[in-house]
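These notes concern the structure reproduced below.
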Amino acid sequence: MTYGELYRLGKDTLEKAGVPEAELDARLLLEWVCGTDRHDLLVHGDAERSAGEQAAYERLIAARGERIPLQHLTGVQAFMGLEFAVDGHVLVPRQDTEVLVEEALRNLHDGMRILDMCTGSGCILISLLHYSNDCQGVGADISPDALDAAKRNAERLLGASACAWIQDGGDAPEGMGAEASQGPEDRQGRISFLESDLFERVEGKFDLIVCNPPYIPSGEIPGLMPEVREHEPLSALDGGEDGLFFYRRIVEECRPHLCGGGMLFLEIGYDQGAAVSGLLEENGFLEVAVGKDYAGLDRVVCGTLGFG
């Protein structure tokens, strides 16, 4: 079959399966299989493709028709100009979360320490370190599988020399035993990871804390798209009955880990700006503000901890 015929086959199959953006996904999967770009459909649409490429493309289209996320099929997702590896253990990085990173970058200065709570794929923390100088960061998550994914992304995008180890309560990796007893300031690497139920095992203070917590109300999860409901980790989605469970804990528990004048940045759902802002104000945060995403919807709440 020709390149154009394969594309049309994929598009028609996905449209019949009710997949949103069927045309885009059909093209992206074809480009993934063939190692081409968006111009090939116009310029080389009549070029014959191999039987192997056709078979691989048809397998991916069939899987996408079953509503397996595109990013799980390709294994990657672009975020902040970087390419992150993703799988079913982490949320697929979304463009809306780039707003959180951009807001944090505006307040990030050389030499700062960052805590990324609920780090998932590590996309937030790794992006902040990639676009800053001499900063250090810790990514915390309750899921060891998510931490494995984050560590792989950090090693690939920041370099192995920038990475410490995943701190999971066990022994440090071979060759790092002497460092295991040192404090966070003494450990090698710009980035390390910690298995922790929110702040349970977090030590030390940070200049910035960033977090994209689970914030979808439990009752809304059955109505999510199949790609999200069936293929992304429930623990990274479910924010409790009103969607605010983790915000309450984070705002209350973060204070011992923020330096005076330090800032907390939280991604929120589009209708949670007032509620989350109220939580920060009730807990003594100053200069509380709500930032909007590219669609003009509330997406980030931030506040500054006073020096008192």
Side-chain angles (χ1 to χ4, degrees), residues 80 97 99-120 122-142 147 150 154 158 162-167 179-213 246-268 273 276-291 299-308:
M80 291 295 298
T97 304
V99 177
L100 175 67
V101 176
E102 291 165 355
E103 291 292 334
L105 281 172
R106 292 188 181 97
N107 295 274
L108 185 61
H109 306 293
D110 292 358
M112 281 188 167
R113 295 193 71 230
I114 309 160
L115 173 64
D116 178 20
M117 184 57 65
C118 308
T119 193
C123 65
I124 295 172
L125 180 59
I126 292 168
S127 297
L128 290 173
L129 294 179
H130 178 83
Y131 292 111
S132 63
N133 298 310
D134 301 320
C135 292
Q136 292 182 325
V138 175
D141 204 291
I142 197 171
L147 292 171
L158 298 177
C163 304
W165 65 92
I166 292 182
Q167 306 164 57
E179 295 176 351
S181 62
Q182 298 176 353
E185 306 294 346
D186 301 317
R187 291 173 178 148
Q188 296 295 318
R190 297 176 60 205
I191 186 170
S192 60
F193 297 95
L194 174 69
E195 183 179 341
S196 179
D197 180 0
L198 294 185
F199 293 92
E200 181 181 42
R201 298 184 59 236
V202 173
E203 299 177 358
K205 288 183 177 287
F206 299 85
D207 301 289
L208 265 68
I209 296 178
V210 295
C211 183
N212 178 17
F246 289 97
Y247 295 114
R248 293 189 185 95
R249 283 194 59 189
I250 291 164
V251 173
E252 292 172 359
E253 297 175 20
C254 75
R255 292 175 60 89
H257 301 287
L258 259 181
C259 300
M263 297 189 70
L264 173 65
F265 292 84
L266 298 167
E267 179 169 335
I268 61 169
V276 177
S277 296
L279 290 173
L280 267 68
E281 292 167 350
E282 291 167 9
N283 282 271
F285 281 83
L286 309 174
E287 300 175 345
V288 176
V290 180
R299 187 57 58 188
V300 176
V301 170
C302 63
T304 302
L305 186 66
F307 287 90

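Note that the coordinates shown come from a computational prediction; the quantities given were computed from them, not determined experimentally. Numbers for residues simply follow the sequence, beginning at 1.
Annotation for Gly260 and Phe307: closest pair O-CE2, 3.1 Å, computed over non-hydrogen atoms. Residues Asn107 and Phe265 share a closest heavy-atom pair of ND2-CZ, 3.6 Å. Contact between Ala150 and Gly120 at its shortest, heavy atoms only, is CB-O, 3.4 Å. A pairwise comparison of heavy atoms in Ala104 and Val210 identifies CB-CG1, 4.0 Å as the closest pair. Residues Cys135 and Gly111 come closest through the heavy atom pair SG-N, 3.8 Å. When all heavy atoms of Cys118 and Asp141 are compared, the pair lying nearest together is C-OD2, 3.4 Å.
Side-chain contact between Leu147 and Thr119: present, with at least one pair of heavy atoms (C-beta onward) separated by less than 4.5 Å. Taking the side chain as every heavy atom from C-beta outward, Glu253 and Val202 never approach each other to under 4.5 Å. Between Arg190 and Ser132, the closest side-chain pair of non-hydrogen atoms falls below 4.5 Å. No side-chain heavy atom of Leu208 sits under 4.5 Å from any side-chain heavy atom of Leu128. Put simply, the side chain of Arg249 does not reach to within 4.5 Å of the side chain of Phe199, judged on heavy atoms. Put simply, the side chain of Tyr247 does not reach to within 4.5 Å of the side chain of Val301, judged on heavy atoms. Using a 4.5 Å heavy-atom cutoff, the side chains of Tyr131 and Leu108 are not in contact.
Taken to the nearest 0.5 Å, the SG atom of Cys254 stands 10.0 Å off from the NZ atom of Lys205. Atom CD1 of Ile209 sits about 3.5 Å away from atom CG of Leu258, to the nearest 0.5 Å. Expressed to the nearest 0.5 Å, how far CZ of Phe246 lies from SG of Cys211 amounts to 9.0 Å. Going from atom CD of Glu200 over to atom CD1 of Ile142 covers 8.0 Å, rounded to the nearest 0.5 Å. The distance from the SG atom of Cys163 to the CD1 atom of Ile126 is 7.5 Å, given to the nearest 0.5 Å. Atom CD1 in Ile124 sits 12.0 Å away from atom CG in Leu129 (nearest 0.5 Å).
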Given side chain to side chain contact (heavy atoms under 4.5 Å, CB included), test Thr97 with Met80 step by step and report yes or no.
-> CA-CA 9 Å; Thr97 304; Met80 291 295 298; over 6 Å; no
Quick one: do Ile250 and Leu198 satisfy side chain to side chain contact (heavy atoms under 4.5 Å, CB included)? Show the steps, please.
-> CA-CA 7 Å; Ile250 291 164; Leu198 294 185; 4.3 Å; yes
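Checking side-chain atoms of Arg299 against main-chain N and O of Leu100 turns up no donor-acceptor pair under 3.5 Å. Side chain of His257 to main chain of Glu203: no donor-acceptor pair is present (N/O by atom type, distance under 3.5 Å, no hydrogens or angles).
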Show me the donor-acceptor pairs, under 3.5 Å and distance only, between side chains in residues 281-291 and residues at least two apart or in other chains.
residue: Asn283; atom: ND2; partner: Leu279; partner atom: O; Å: 2.8

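Under the side-chain contact (heavy atoms from CB on, under 4.5 Å) criterion, His109 pairs with Met112, sequence neighbours left out.
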